[in-house]
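Beneath this line is the structure, given in structure tokens, with notes to follow.
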Amino acid sequence: MKDFLKFTLATVTGIVISSVVLFFISILVVFSMVSSSESETQVRKNSVMMLDLNGTLAERSQENPLDLIMKDDYKTKDDYKTYGLDEILSSIKKAKENEDIKGIYIQATSLGAGFASLEEIRNALKDFKESGKFVVAYGDAYTQGLYYLSSVADKVLLNPQGMLEWRGLAATPMFFKDLLEKVGVEMQVFKVGTYKSAVEPFISTEMSAANREQINVYLSSIWGQITSAVAESRNLSVEALNKEADRMLMFYPAEESVKNGLVDTLIYKNDVRDYLKNLAGIDKDDNMPVLGIQDMINVKKNVPRDKSGNVIAVYYAYGEIDGGSSASTDEGINSEKVIKDLRKLKDNENVKAVVLRVNSPGGSAYGSEQIWYAVNQLKKEKPVIVSMGDYAASGGYYISCNADTIVAEPTTLTGSIGIFGMMPNAKGLTEKLGVNFDVVKTNPYADFGNLTRPMNDGEKGLMQMYVNNGYELFLTRCSDGRGISMEELDKIAQGRVWTGSTAKELGLVDELGGLDKALEIAIAKAGVDAYTVMSYPKKEGFLESLMNTNPGNYIKGRMLNGKMSDMYRQFSIIENFDKIDRIQARVPFELNIQ
């Protein structure tokens with residue numbers, strides 16, 4: 001018996017020691033991977049930068065430590081990467097300035113991104129071409145968005161057996177009213193705004209006439225911007241491009257894309273390197289250094305940090321505001337954090353102007369108001385310029401409306417000035433389950449918010465009054481910020497979504513352009529000749545990111561990456577109903593422009 005206990009104890013001790021040793025070895029391996037990825041890239045002569053686009057685009061990329069720990073040695077074509085728009089734009093700019101980089105090669109596979117973000121990258125590539133360097137794009141099967149981006153290239157290459165998606169835009173909202181009825185749940189809705197359609201998936205089985213109208217208008221606006229840009233780059237007419245879209249070009253042989261001017265050359269991927277070597281003036285048998293995004297991130301900037309101490313701050317606010325789908329992920333705008341950060345920028349004497357980069361469909365009306373106040377206080381001390389990304393709508397517009405200047409891309413979705421509230425009634429579900437509830441209360445509204453019964457008329461009146469007051473406050477903030485009378489503003493509010501180009505005509509936006517345009521305006525308003533552009537909030541380091549990463553959210557994010565994520569985000573408000581603000585300033589849960 002003693003021998004058994006002795007051997008058992010030795011075995012357990014060995015397992016514990018081995019686990020500890022393996023843990024520390026894993027940490028050392030990960031640290032070595034991190035340090036190697038952060039080492040400075042030395043650019044060799046005749047290099048080519050490669051934009052290998054296969055994944056999703058975020059405003060800023062934050063390397064997830066669990067990706068490093070759980071990374072497989074072999075990655076398939078279905079393994080997506082998250083790219084930071086900030087890093088792509090910075091990499092293109094560095095490639096333009098570096099004389100040893102001869103051109104950019106776009107490898108277009110699939111990129112989950114809004115058209116405003118694609119437009120920003122496309123404009124950066126146009127600027128890059130002014131250096132006289134080449135831009136070449138290749139695709140096995142161009143998605144419509146990546147063809148729009150790639151069409152700016154000097155040469156667009158397509159696999160001889162490949163295809164080019166060119167079919168126009170569509171929006172396909174998803175509706176859950178019948179599904180909710182089957183499980184015994186009714187959504188009780190309170191809203192202000194004829195066009196406030198975020199509630200429709202829960203109370204309807206099809207689009208309302210108003211929603212169909214607004215979607216048709218903004219889709220036409222975005223498609224008009226896309227076709228105009230492609231027509232200019234490819235030397236085609238908009239009419240010709242629409243003709244190709246009408247016949248669903250992707251199902252025709254690849255030669256048709258060449259014949260009709262959308263593609264320059266048919267070439268197998270295996271031969272692209274030699275094609276690039278020829279453009280770069282490199283002998284076929286010589287080596288051609290290729291720099292990916294991670295390499296470019298680690299290329300030293302040509303311009304050192306300015307010694308004046310003056311800072312132009314770019315503050316990134318992206319995702320949903322205080323809840324919604326962000327309650328189930330590690331992303332989103334936390335109003336409390338944003339308020340603290342903006343207060344620090346206000347009190348920092350070195351910060352001469354702030355560019356608030358907003359990419360948000362909105363969220364909590366209360367959280368939006370708190371951020372609005374923080375922006376208002378910041379504006380009293382220094383210029384605040386808003387740069388809008390793919391979305392700056394509803395709550396996203398709320399936090400933007402009081403800036404000195406608002407800059408948006410023509411394809412940005414903005415406006416949606418309106419709010420709504422929802423309260424589920426799960427009485428049908430409890431009856432199906434055979435569960436009954438009763439109540440004793442001292443006052444008429446003591447059990448307000450009871451989800452096991454429908455709301456009574458008094459409760460409904462209170463909720464609608466609360467929503468009406470919220471809409472009045474939203475209108476007031478926008479009216480004061482934009483200098484538009486309440487009466488005139490109400491005509492273009494009502495929850496209606498506008499594109500950036502239309503919003504400029506309506507006075508909701510001041511200038512069209514991207515982050516660079518916003519920076520130009522901020523620098524001019526700051527009145528400084530010497531400055532350094534710095535991004536906030538500071539990105540997390542490896543250890544901080546590791547400590548703050550929620551493994552459950554990480555696994556959920558991996559499982560729901562792709563098409564399933566669209567459906568999941570629709571249900572997220574129900575899943576997290578106990579965590580989110582009952583009153584929301586948000587655009588439709590999934591605009592889903594294809």
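Since the model is a prediction, treat every value here as computed from it, not as a measurement.
- Here the side chain of Ser151 pairs a donor or acceptor atom with the backbone of Tyr148 at under 3.5 angstrom.
- For NZ of Lys379, the number of neighbouring non-hydrogen atoms (other residues, nucleotides, ligands) closer than 6.0 Å is greater than 12.
- For Val509 against Ile406, the heavy-atom pair with the smallest separation is CG1-O, 3.6 Å.
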- prompt: Could you walk me through whether Met174 and Phe176 pass the side chain to side chain contact (heavy atoms under 4.5 Å, CB included) check?
  reply: CA-CA 7 Å; Met174 199 178 298; Phe176 304 102; 3.4 Å; yes
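- Residue Ser394 comes nearest to Lys196 through the heavy atom pair OG-NZ, 2.7 Å, listed as atom of the first residue, atom of the second, then distance.
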task: Walk me through it: do Ser335 and Gln370 pass the test side chain to side chain donor-acceptor pair (under 3.5 Å)?
output: CA-CA 7 Å; Ser335 62; Gln370 308 315 302; over 6 Å; no
message: Applying side chain to side chain donor-acceptor pair (under 3.5 Å) to Asn54 and Ser110, what does each step give before you reach the verdict?
response: CA-CA 5 Å; Asn54 184 26; Ser110 177; 5.1 Å; no
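- A distance of 7.5 Å separates CD1 in Ile293 from CG in Leu53, rounded to the nearest 0.5 Å.
- Between the Thr476 side chain and the Glu472 main chain, a donor and an acceptor come within less than 3.5 Å of each other.
- A donor and an acceptor atom, one from each side chain of Tyr471 and Asp490, are located under 3.5 Å apart.
- Thr412 places no side-chain N or O within 3.5 Å of a backbone atom of Thr414 that could act as its donor or acceptor partner.
- At a threshold of 4.5 Å between non-hydrogen side-chain atoms, the residues Asp404 and Val386 do not count as touching.
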field: Pair Ser360-Glu320, side chain to side chain donor-acceptor pair (under 3.5 Å): steps then yes or no
entry: CA-CA 6 Å; Ser360 173; Glu320 292 194 31; over 6 Å; no
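- Around atom NZ of Lys93, no more than 12 heavy atoms belonging to other residues, nucleotides or ligands sit under 6.0 Å away.
- In this structure, Arg234 pairs ionically with Asp264, as a charged nitrogen and a carboxylate oxygen lie closer than 4.0 Å.
- Side chains of Tyr531 and Ile523 form a contact here, defined as non-hydrogen atoms less than 4.5 Å apart.
- Residue Ile312 comes nearest to Ala526 through the heavy atom pair CD1-CB, 4.0 Å, listed as atom of the first residue, atom of the second, then distance.
- Nearest heavy atom pair, residue Leu378 against residue Leu345, reads CD1-C, 4.2 Å.
- More than 12 heavy atoms of other residues, nucleotides or ligands lie within 6.0 Å of CZ in Phe175, so this atom counts as buried by the packing criterion.
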message: Quick one, Tyr315 with Asp341, criterion side chain to side chain donor-acceptor pair (under 3.5 Å). Give me CA distance, side-chain angles, the key distance, then yes/no.
response: CA-CA 9 Å; Tyr315 188 87; Asp341 290 344; 2.7 Å; yes
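- Between Ile385 and Val407 the shortest side-chain heavy-atom distance falls below 4.5 Å.
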field: Derivation and outcome, side chain to side chain contact (heavy atoms under 4.5 Å, CB included), residues Thr502 and Tyr218
entry: CA-CA 9 Å; Thr502 308; Tyr218 70 65; over 6 Å; no
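- Annotation: Gln377, atom CD; neighbour count of heavy atoms from other residues, nucleotides and ligands within 6.0 Å is above 12.
- Here the side chain of Ser368 pairs no donor or acceptor atom with the backbone of Ile399 at under 3.5 angstrom.
- In this structure, Gln214 and Ser197 have side chains that are in contact, with non-hydrogen atoms separated by less than 4.5 Å.
- At a threshold of 4.0 Å, the pair Lys177-Glu206 does not count as salt-bridged, since none of the basic side-chain nitrogens sits closer than that to a carboxylate oxygen.
- In this structure a side-chain-to-backbone donor-acceptor pair under 3.5 Å is missing from Glu409 to Gly500.
- A salt bridge does not link Lys504 to Glu511: none of the charged nitrogens lies less than 4.0 Å from a carboxylate oxygen.
- No donor-acceptor contact under 3.5 angstrom links the side chains of Glu119 and Asn123, judged on distance only.
- Judged by distance alone, the side chain of Ser400 and the main-chain N or O of Gly396 form a donor-acceptor pair under 3.5 Å.
- Pairing each heavy atom of Gly103 with each of Lys133, the nearest pair is CA-CB, 4.3 Å.
- Ring-plane geometry between Tyr138 and Tyr105 is classed as tilted, the angle between the planes lying from 30 to 60 degrees on a 0 to 90 degree scale.
- Aromatic rings of Phe474 and Tyr398 (six-membered ring for Trp) have centroids within the 6.0 Å cut-off, being under it.
- Using a 4.0 Å cut-off between charged nitrogen and carboxylate oxygen, Asp127 and Lys96 count as a salt-bridge pair.
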- request: Decide side chain to side chain contact (heavy atoms under 4.5 Å, CB included) for Val384 and Leu342; before the verdict, give the C-alpha distance in whole Å, the side-chain angles of both, and the deciding distance to 0.1 Å.
  value: CA-CA 11 Å; Val384 179; Leu342 294 183; over 6 Å; no
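- No donor-acceptor pair under 3.5 Å is formed between the side chain of Lys155 and the backbone N or O of Val263.
- In this structure the side chain of Tyr397 reaches within 4.5 angstrom of the side chain of Met388, judged on heavy atoms.
- Remark: Arg247 qualifies as a cation-pi partner of Tyr252 under the 6.0 Å distance and 45° angle criteria applied to the six-membered ring.
- Under the 3.5 Å distance criterion, the side-chain polar atoms of Asp322 are left unmatched by any main-chain donor or acceptor of Ser364.
- Taking OG1 of Thr194 as the start and CG of Asn211 as the end, the distance is 11.5 Å to the nearest 0.5 Å.
- Residues Val497 and Tyr195 are not in side-chain contact: their nearest non-hydrogen atoms beyond the backbone lie 4.5 Å or more apart.
- For the atom pair CG of Asp52 and CE of Met50, the computed distance is 4.5 Å after rounding to the nearest 0.5 Å.
- When side chains are defined from C-beta on, Arg60 counts as touching Tyr318, because their heavy atoms get closer than 4.5 Å.
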task: Start with the C-alpha gap between Leu51 and Ile88, add the side-chain angles, then the distance that decides, and say whether side chain to side chain contact (heavy atoms under 4.5 Å, CB included) holds.
output: CA-CA 8 Å; Leu51 271 176; Ile88 289 179; 4.0 Å; yes
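- In this structure, a donor-acceptor pair under 3.5 Å is absent between the side chains of Thr405 and Asp510.
- The main-chain N or O of Ile297 is found under 3.5 Å from a side-chain atom of Lys94 such that the two form a donor-acceptor pair.
- Contact check for Tyr536 versus Val311: side-chain heavy atoms found under the 4.5 Å cut-off.
- Checked for salt-bridge contact, Lys491 and Glu488 meet the test: a charged N lies under 4.0 Å from a carboxylate O.
- A side-chain donor-acceptor contact under 3.5 Å links Tyr142 to the backbone of Gly139.
- A distance of 8.5 Å separates CG of Leu85 from CG of Asn359, quoted to the nearest 0.5 Å.
- One distance of note links CD of Glu244 with CH2 of Trp166; it measures 10.0 Å at 0.5 Å rounding.
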message: Determine whether Arg357 and Glu120 satisfy the following criterion, salt bridge (Lys or Arg N to Asp or Glu O under 4.0 Å), listing intermediate values before the conclusion.
response: CA-CA 13 Å; Arg357 174 69 174 186; Glu120 195 141 7; 3.1 Å; yes
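- To the nearest 0.5 Å, atom CD1 of residue Ile417 and atom CG of residue Leu489 are 4.5 Å apart.
- Shortest non-hydrogen contact noted between Glu59 and Gly389 is OE2-CA, 4.3 Å.
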